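Read the structure below first, then the notes.
Since we're looking at a predicted model, the values are computed, not measured. Throughout, a chain's letter reflects where its sequence line sits, starting with A, and its residues are numbered from 1.
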Protein chains: 2
Amino acid sequence: MYVLHPSLVVTMDKNMRILRDVYLGITNGVISEISKEKPKDAEEIVELPGRIIIPGLINAHTHVAMVILRGLKDDVDLMTWLNKYIFPAEACLNADDVYYGSLYGISEMLSSGITTFNEMYYFMEKIAQATIETGVRSVLSLGILDLVSEDRTPEKEIKKAHDFLGNLEKLWNIDKKLKERLFFAYGPHAPYTCSEELLRRVAELAKKKKVRVHIHLSETKSEVQQIKEKTGKTPIQYLESIGFLGENVMAAHVVWPTENDLQILSHYKVNVLHNPISNLKLASGIAPIDKMFSYNINVALGTDGAASNNRLDMFREMHLAALIHKGNNLDPKIVSAREVLKMATINGARALGLENQIGSIEINKFADLVVLNAKKVISAWPKHDIYSRIVYAMDRNAVERVMVDGKWVWVEGKPININIESLRERIQEIRDHIEHEIAT
Amino acid sequence: MYVLHPSLVVTMDKNMRILRDVYLGITNGVISEISKEKPKDAEEIVELPGRIIIPGLINAHTHVAMVILRGLKDDVDLMTWLNKYIFPAEACLNADDVYYGSLYGISEMLSSGITTFNEMYYFMEKIAQATIETGVRSVLSLGILDLVSEDRTPEKEIKKAHDFLGNLEKLWNIDKKLKERLFFAYGPHAPYTCSEELLRRVAELAKKKKVRVHIHLSETKSEVQQIKEKTGKTPIQYLESIGFLGENVMAAHVVWPTENDLQILSHYKVNVLHNPISNLKLASGIAPIDKMFSYNINVALGTDGAASNNRLDMFREMHLAALIHKGNNLDPKIVSAREVLKMATINGARALGLENQIGSIEINKFADLVVLNAKKVISAWPKHDIYSRIVYAMDRNAVERVMVDGKWVWVEGKPININIESLRERIQEIRDHIEHEIAT
């Protein structure tokens, strides 16, 4: 048994227990003991004096390879941003670019303690490969959409998703452990980019296969308007009407739900993936998270892609999530630091369908852990309420080590097995190439 | 001549020049040369390959010693926060506590590249002492207010301010250089805590002495309501009516101005000190910064005290300032990264009346400089627009060295002359004592 001995463990379990001076025993990548006494069968004890252990953070919505497009254009409106910059740039990206972008993006996520991410993009095999090599976990959904060109059909899009699933299955067969590190989800992009037929078929398939569905939903006012003009319903009412909604749905953004929409989301136990920085930066708006809480909707937290953030930093995301709703609703009591850390851990696990595996520090869950050293952050002193301290005062500089599946994957400012300097040069070359391409 | 040779200089001068591969010559603490050629009379050249130099950041509104009260209570409403926690705790602070708190707070500010801060608090001599010892600059206003107790009168409050000014003058006489590092301002706390007579007399004295006046203004809805009930006017109209407003006024917050208020602020060239994080955290609201820009009002950026932030981190403050107005106004084009860096540099200098001394990198200005190492921040790559990169992608971890008056005051993660470890223990002791006092 491998044993960690920190000063404080923030469990994020049902009782929100905070444990002082305990031993965390790990066996085969799983938390096997939490005790005040030194475990008898300890093979190695890592003393972590003054350190705080929290569960690995869960980035509930991202497009990790978009680090390549970071800051490609800022401070412009969404349609200019997409049509003039992002889409032309993405058209230039090849599989290798996505692979290197993913390695870099995952490294960036690890630097802020993210151990699992929920991804939607393309060249998904490459993102699976980067997940394996960096040692983290991901839920992978190939973005499918049939309304953007005449060539695309529901059949073809679903075939693409299943081809990717086939490739994942090959990986699972090679190494059974990978079945717990790479998860499949369907990724119909959004109600305005997918036909009703595609959405219906995905919903049926997902229910049959018992897998998650990852979708962008009610992100902007103009999306809501567009769907209303087309269907007479809000995007959420529309998805309800075609039998799309359920506990397995992970809905990113949800900035513009009506009161009735919230009732629907609550009724079907849809999971909301909140991305406050991206929503502010692209001026999509401010999602009504406090209302979602009152409807008992499960809200997880995500960074979105780095092109619209411009970071993959869960500490910044937590900070924003704790601040924005207070100021916007003129109520300092809502969306507390404690609630925000739940959004970044156990709520994320619940959203991804992994509540029994990750998201809290409990016996039999995977040892996905973040070791925080508060002494590395000048704002973390003097000591105060631990949730407030993590969310408002600390930052990713406090992240000293990160463990996934009982293995260290980030130690002292660096990812294990990745040469970040040469990777930085590689993504700079890719970026330079893309800028050259879209300029000519 | 002491010479720095970075890769990039972001001048923040009138032409917003970005200079590549130049030499910055410094003589007697002043920038004396900016050239492509190596200066002939260079005594020492510091090679800074790959580094970016920006002007020292200016924290336009803070209460630096409040780091001691950081996270004393979060996520409660303003009146509970003030009456049950902050005021009782402040009643326990002695001069030494404020001194140590200031040393720690200034160290924290230096870590994010702040070289000048605009302060309002009490035991101001101690904050002056901490300013001297840490090597930074400050504009110091003793908070004066006569409506909070029967003992206080306008005479007594003004005498306190002048006693402090007398003590500052003694320091200036000892060391002439200190006249350029410690500046005096009047600090009438707010329209709701100061009598009309006190406000009138401060305004007259400030005009006569040609000094700044630092005041909290239009921070909350309830302040506006209270002043309206008392005077029939908004706080800004009220201050106008008593002859208080002018170019020398530094108004913190200004969250709730009416259109007419904005016209008034613009007419009198009042400077606004924007504190987005504190305004969100205390749920005061979101100041209409974009409107202020359209009225040509000078807007500077501040952190407020750490009790309501909970950091003294200009990188977080810049990030928030660039994000919040876009999302709140559903317009991604407003309050650009470039505007935000102006708010944190040259606009701050203008607000403090120090436009000719600091806030940009120009010949004859003080050498208050921040050396950024982008390689220390994983989110800073790939390279992109420099303003966007600083505001959205970098953080205080990029701050490698800080110079004030031509002297290094922060090098490689540590303040010069301050033992941060023993100081951390000291402020923890003070905090423990205060928590004990207010609990009993």
Need one label for M109(B): side chain, backbone, both or neither, based on atoms under 4.5 Å from any heavy atom in chain A. neither
Using side-chain heavy atoms (C-beta onward) and a distance below 4.5 Å, is K73(A) in contact with H384(B)? no
By a 4.5 Å heavy-atom criterion (distance strictly below it), what part of S111(B) contacts chain A: side chain, backbone, both, or neither? side chain
Counting only non-hydrogen atoms closer than 4.5 Å, does L69(B) touch chain A with its backbone (N, CA, C, O), its side chain (CB onward), both, or neither? neither
Chain B contact via R424(A) - side chain, backbone, both or neither, heavy atoms under 4.5 Å: side chain
Might you work through the salt bridge (Lys or Arg N to Asp or Glu O under 4.0 Å) test for R396(A) and D395(B), ending with a clear yes or no? CA-CA 10 Å; R396(A) 63 182 177 185; D395(B) 52 50; 3.2 Å; yes
Would you confirm whether R311(B), through its side chain, and A393(A), through its main-chain N or O, come within 3.5 Å as a donor-acceptor pair? yes
Just verifying a value: how many Å separate I277(B) CD1 and L320(A) CG, rounded to the nearest 0.5 Å? 8.5 Å
Would a distance-only check, ignoring hydrogens and angles, find a side-chain to backbone donor-acceptor pair under 3.5 Å from R70(A) to A380(B)? no
Can you tell me which portion of V255(B) sits under 4.5 Å from chain A's heavy atoms? Options are side chain, backbone, both or neither. neither
If I measure from the heavy atoms of chain B, does I334(A) come under 4.5 Å with its side chain, its backbone, both, or neither? neither
Non-hydrogen atoms of chain B under 4.5 Å away: do they reach the side chain of D74(A), the backbone, both or neither? side chain
Under 3.5 Å, is there a donor-acceptor pair between the side chain of Y104(A) and the main chain of I378(B)? yes
Decide, yes or no, whether a salt bridge links D75(B) with K326(A) under the criterion of side-chain N to carboxylate O below 4.0 Å. yes
Part of S107(B) within contact of chain A (heavy atom distance under 4.5 Å): both
Please step through side chain to side chain contact (heavy atoms under 4.5 Å, CB included) for the pair Y392(A) and K281(B), ending with a clear verdict. CA-CA 10 Å; Y392(A) 296 117; K281(B) 185 149 194 307; 3.5 Å; yes
Between L282(B) and chain A, which part of the residue has a heavy atom less than 4.5 Å away: side chain, backbone, both or neither? backbone
Determine whether S388(B) and N310(A) make a side-chain contact, defined as any pair of heavy atoms from C-beta on separated by less than 4.5 Å. yes
Portion of N397(B) that has a non-hydrogen atom of chain A nearer than 4.5 angstrom: side chain
Looking at L312(B), I324(B), D432(B), which one has more heavy-atom pairs under 4.5 Å with chain A than the rest? I324(B)
